[in-house]
Each structure stands twice: as structure tokens, then as C-alpha cells.
> 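Can you read through this structure? Questions will come right after.
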Amino acid sequence: MDNEGLSYEQITDILDQNEKEKKKDRRQRRDIVTRMATILSLCAWATMIAVWVVLELASPERGMLFTQTFFQWHFGTDATGAIRARWDRQLVYLAYVMMLVSFGTCVFAFLFNKMRMKRKSDKYKKSIFVIAGITLIAFVAFLIRFGSMLF
């Protein structure tokens, strides 16, 4: 390589560009912080799905034919006292706690994601914001509907 035509500044600029390219490519795969943000986001989604299932279990039973459920009608069992007409308070409270856990998980996922925002190419996970918004809307609707039952 002939260095007679290059000045000292040009050589240092070339070396600096090579160093910048090496630093840019240093992070080849996702690190533990990025993985934790993804895992916590998935946990928040799973918790909100579980809240939906718990609320479905807590809801009053619905009869298909007047006061009989499908199985009572199909198998001919007695329908007296078999249908629960009120919400199950324990399951409603469990859903309340699960919503709080889901929102807390969203906050931790956001904090883990924020720890990794050091480069221009790093981005916030949209999933965290979507599930946090869904959780907040569901929480407000939940408090409007079940606030008197909880407190």
C-alpha cells in the first residue's frame, strides 16, 4: 500500500471510520435487556387474556332455555338453584389484581426497553404501548363496572 499520497489527517480519518464501523456492528444479536422487554410484553398480553378468561368465569351463568343451561336441558337434570345469578366476587377481585400485575409488567417492559435506547437504530416496542393502553382502558372500564363491588 502506498501511503506517500495520503496525509496524516486522511489516514486517521480512514482509521476512525473503520473503528466506527466496528463499533456499529458490535451488537450482533439481541442482548438480555431487549429479550426481557419482549418477554415482559408477552407476559402482559398473556395476563390480559387471563383476565378476560377469569371475568368470563366470574360472570353470571346464562341459561339457554328460560332457566336451564345447555347441559341441564340436554341431560334432563333439575335446574332449580343451579344457575348463579350474580358475579363471583372472588374472581372479580382476582381479575382486578391481574390487571394491576399486567400494568406493572408493562411498566417494567417499558423500563427495560428504555435502557436499550442508546443508538439511533434502537426503537421502542409498539407492543408495550398497545398493551399498556388496552390495560388502562380495561382498568377504567373495570372500575366503572365493578368499583362498588370491590370497595
Side-chain angles (χ1 to χ4, degrees), residues 12-151:
T12 56
D13 287 341
I14 291 171
L15 291 175
D16 286 341
Q17 286 176 351
N18 288 339
E19 281 295 315
K20 287 179 184 177
E21 288 176 13
K22 286 180 184 177
K23 285 182 181 180
K24 193 182 283 187
D25 294 338
R26 190 177 69 187
R27 193 188 317 163
Q28 295 295 324
R29 60 188 179 111
R30 297 186 311 170
D31 59 348
I32 190 70
V33 175
T34 307
R35 280 190 235 146
M36 283 302 295
T38 303
I39 290 169
L40 288 173
S41 175
L42 290 173
C43 288
W45 279 103
T47 305
M48 280 308 291
I49 291 170
V51 165
W52 177 70
V53 170
V54 167
L55 283 176
E56 184 62 31
L57 292 173
S59 67
E61 295 177 5
R62 298 169 199 89
M64 285 187 63
L65 296 174
F66 302 111
T67 60
Q68 294 180 337
T69 64
F70 174 75
F71 292 107
Q72 291 166 341
W73 175 73
H74 185 69
F75 295 113
T77 59
D78 185 23
T80 56
I83 295 179
R84 184 172 33 91
R86 297 183 181 195
W87 287 84
D88 187 352
R89 286 180 180 261
Q90 291 176 339
L91 290 177
V92 169
Y93 185 74
L94 177 65
Y96 171 73
V97 171
M98 289 172 70
M99 278 192 202
L100 291 176
V101 168
S102 178
F103 187 71
T105 306
C106 291
V107 169
F108 280 118
F110 173 74
L111 292 175
F112 273 109
N113 200 85
K114 188 163 178 64
M115 287 172 54
R116 186 39 62 201
M117 299 299 293
K118 294 180 181 174
R119 298 193 177 135
K120 290 181 182 178
S121 63
D122 291 337
K123 297 178 182 176
Y124 284 106
K125 294 186 179 300
K126 294 174 189 164
S127 176
I128 296 170
F129 294 108
V130 170
I131 190 62
I134 289 171
T135 304
L136 282 176
I137 291 169
F139 190 69
V140 169
F142 185 84
L143 287 179
I144 290 170
R145 173 64 175 95
F146 298 110
S148 62
M149 187 184 295
L150 292 174
F151 306 110

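Count residues from 1 along the sequence.
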> Please report the shortest heavy-atom distance between I131 and T135, naming the atom on each side.
O-OG1, 2.6 Å
> Please list, chain by chain and in numerical order, all residues satisfying side-chain contact (heavy atoms from CB on, under 4.5 Å) with A95, sequence neighbours excluded.
V51, V54, L55, F142
> Taking the side chain as every heavy atom from C-beta outward, state whether F139 and F103 have any pair of such atoms under 4.5 Å apart.
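No; the side chains remain at least 4.5 Å from each other.
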> Taking all heavy atoms of I128 and all of A109, pick out the closest pair and write down the distance.
CD1-O, 3.6 Å
> Check T105 against C43 and note the closest heavy-atom contact, atom names and distance.
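The pair with the smallest heavy-atom distance is CG2-CB, 4.1 Å.
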> Rounded at 0.5 Å granularity, tell me how far CG in L94 sits from CZ in R89.
15.5 Å
> Flag yes if more than 12 heavy atoms outside F110 fall under 6.0 Å of its CZ atom; otherwise flag no.
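Atom CZ in F110 is packed in, count exceeds 12.
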> State the CD1-CE distance between I49 and M98, to the nearest 0.5 angstrom.
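Those atoms lie 10.5 Å apart.
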> Which residue in the set M36, K125, R35 passes side chain to side chain contact (heavy atoms under 4.5 Å, CB included) when paired with F112?
M36
> Can you find a heavy atom in the side chain of Y96 that is under 4.5 Å from one in the side chain of V92?
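Answer no - side chains too far apart.
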> Name each donor-acceptor pair under 3.5 Å that joins a side chain in residues 143-151 to protein atoms two or more places apart or in another chain, with its distance.
none

> Can you sort out the partners of S127 under side chain to side chain donor-acceptor pair (under 3.5 Å), two or more places apart, ordered by chain and number?
S41, W45
